[in-house]
Amino acid sequence: MFFKKQSVIEEKIQRLLRYLEDMGNIFKYAYESYLDGKFEELNEGNEELDKIEKELDDLGRRIQMSLVRESLMPDSRDDLLWFLTKLDKVPSSFKHSLGEIVIERPEIPSDFNLPLKNLLQHTHEAVRSLANCTDALFSDLRAVRQHVEEVGRQESMVDKIEYKLLNSVFENEEFELSRKYQLKSVLKQLGSITNLAEDVADAVLILSTKYSA
Amino acid sequence: MFDPTIIIFLSSGLFLGWSLGANDAANVFGTAVGSRMVSFTTAALICGIFVVLGAFISGAGASQTLGKLGAVNAIGGSFMAALSAGITVYWMTKLGLPVSTSQTIIGSIVGWNLFSDSYTDISSLMQILSTWIICPLLSALIAALLFFLTKIIVRRIGIGLIRFDGYTRLALILAGAFGAYSLGANNISNVVGVFIPVAPFSELNFGWDYRVSSAQQLFLLGGIAIAVGVFTYSKKVMMTVGTELMTLTPLAAWVAVMSHSIVLFLFASEQLESFLANHSLPTIPLVPVSSSQAVVGAVIGIGMLQGGREIHWPRVYGIVRGWAISPILSCLICFLGLYFMQNVFQQEVKQDFNYLISEGVIEKFQKEGIDTSSIQELKGSVFKSSSEVVRSINDKVDLSREQKQIVVNYSLQKRLIVTTENLETIRKNGLSKPQFESLKKFEGQSFDHGWELGDALVLKSSDWLIKGGVKNKLNDRKIKQKLAYIYRILQRRSM
C-alpha cells in the first residue's frame, strides 16, 4: 500500500530483464543456426530480435519516465537512470553482432564452429547472470555480488576463447587479409557483448555497495 | 487586565523563535530537502506541526534549568535578552558562522545578571556549559553506534534498491518529525524561557482536569513563531545545508537526523527523566542544548567511524569558534542594550528585590552547613541585590557554589500575603486537597520569605514535604513548581 509506485517500477524492471534474457536466448539460437548453415533460422531470429529490441526500448523509455515522474529520491533516480542507460547497450550489442552476420554472411572456418559455440554459451551465461544480478539489485542487495562474480567469470572465459580464435585467424597464412579482418570484426563484436555485460555488472555492484553501506 | 504593550515586548522572543525556525529546521530536514529526498512543502508542514507539539507538550523540562540560571524579572529585561540573542544569531549567520540559539540566550541571561547585579548560579551555568561539550560528543557517539548497527541491519535484510529508497524516504520523514518535536521541546525554552518569570497570561482551565499554564501559552506562541520561521525562511538554509552535506548517503543522513533528535529528546524529556527516576537510575539534566551542535557532532561521529578522512577539520574548527564567540557577543549586546533601554528609553529592565539577613535566615544557613559565627554581625542587614548579599557573606565566610545559591534563595524577601482573593485564584490550579486546605489555614497571614511559607505548609501537610533523592526528584519538582506558582500569586496580589 505504501510502496505502490515502487512496486510498479519494480514490475516493469522485471519485465525488462525477461526481455533481455529472451534476447540472449534468441541471439544464441540464431547465431548457432548460422554456424550450422541454417540461414532461414538466422533471418527469423534476427527479425525476432528486432521486434523484442523495439519492445525493450519502449519499456525502457516508460521506466525512465516513471523514474522521472514518480516519487523516487533524486539521488536514487539519477543512479537508476545512469544504470538503465548502461543496461540499454547490451540489447543493442546483440543486434549489432547478429546484424553483421546477416549482412556480411562471413565464411566461418569449420574448425571455429565448436569454440564459437562455446563462446556463445559463455556469452549467454554472462547475460543471464547479468539479468540475475540486476534482478537482485531490485529485490535483494545481498545476492548481487555472487551474480556479478559469475558475469566476470564468464567474461574471462569469452576473452580466452576470443584470444585463441584471433591468434588462429592471424596465424593462418591461407586467409586473405580481408577475411582475417572480417573474422576479427565478428569475434570482436561477439566479445563486446560480455565486455558490456561485465561493465553493467560492475555498475550493479557499485550501486548495491552504495545502498547497503 | 491584559496589557497590549506586552505584545511589543514579546516580539523579540517571537523574532528569536522565527530565526530559530529559519536556521535550526535545516538541522532536522536540511539534508533531506537540500538533496531533494523530501519536498520542502512536506518538510515544512511536518516540521511546523511537530515543533509546535514538542514546544507545547514537552517544553517545560529544559526551561526550568534556564530559569535557575537567572530569572529575568522584568519584561523589559526579557525583551532585551531575547532581542540580543536574536541579533547575535542574525549577525553570526550573516558572517557565515554557524550559531546556536541556546548559547546566545545563555549569554544574554548572564548579561542581564551582570547588569542587574544578580547572582549567576554557577552550578546551573556549569551544568549548561558542560552540555556544550557533552551534547556534540554524545551525538557523535550515538551516530557512530546507530550507523554501525543500521549498516549491519541493512546488509542483513533482503531488500532491493527501490524498496530501500522508499523505506529511507519514510525513515527520513519520521526522523524529521521526531527531530522537529525534540527541537520544539528542547529549544522552546531558548525562545520564550526568559519570559516565563514575567509571563503575562493567566492560566486557562478546560473542564476540571485540563489546565493550560501561562508558560504553556508562551510555549505555544513561541512554537508558532518557530513554525513561521520554518515556512518563510528555512528553504534557503535547508538547501545550503543539504548541498554542504551531499557527501552523506541517504542512510548516513538519516542517522545524523536521528542522533540529533535523540540527543535533543534526552535533554528535554520529562517522561524519560520520570522513567529513570522511578527505576532509581541517574537522570539526565533537562537542559536546552544546541541543535546545530548535535547535528555537527552526529556528522563527525559518522565520519570518524569511516576513518575520519572525509571530515573537513578546518570547517569544524570554524564552527567551534562560532560556538565560543556567540555567547560572549550576546552577553555584551544584552548588557549594552539594557543600559540604553533603562537610561535612554526609561524602561524597567529589572525589578529590585531586598535580601534580608534575619534571625530565621541565619538559622537556615546554619542548617545548610554554613558557618554562621562570623555572619551574626550582618543580622538585620538588607541588601539590594543577590550579588551584593553573596559578596558580603562570602567576605565573612568562604561559601561553596551551592552555598552561594542557598544564600540567595533564603535571604530573598518576598512579602507574601495570603488573602481570600488570591486563595480563590490558587484554588483550581492543580493543588491537592490537603495542599490547598493547609494553605487556607494561613489566610490573613504574611510571610517575609518564600521558604517561611514553605516550612509552615510542611507542618500542616506532608503533601508539601520535599523528600530529596533521585526517586523523589519528580515529586519534589512538582512541589517546587506549585510553591513557585503560589509565591508568584501571593506576591503579585500583595504588591
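Predicted model, so just to flag it, every value in this text is computed and none were measured. Below, read A as the first sequence line, B as the second, and so on, with proteins coming before strands; counting in each chain starts at 1.
Atom NZ of A/K38 is surrounded by 12 or fewer heavy atoms from other residues, nucleotides or ligands within 6.0 Å. Atom CZ of A/R15 sits in a crowded spot, with more than 12 heavy atoms from other residues, nucleotides or ligands closer than 6.0 Å. Around NZ of A/K184, the count of heavy atoms belonging to other residues, nucleotides or ligands within 6.0 Å does not exceed 12. For B/Y90, the OH atom is loosely surrounded, since the number of other residues' heavy atoms within 6.0 Å does not exceed 12.
Of all non-hydrogen atoms in B/I162 and A/I9, the two that sit nearest each other are CD1-CG2, 3.5 Å.
Note that the CG atom of A/L80 and the CG atom of B/D165 stand 8.0 Å from one another [nearest 0.5 Å].
Side-chain polar atoms of B/R163 and A/S139 form no donor-acceptor pair below 3.5 angstrom.
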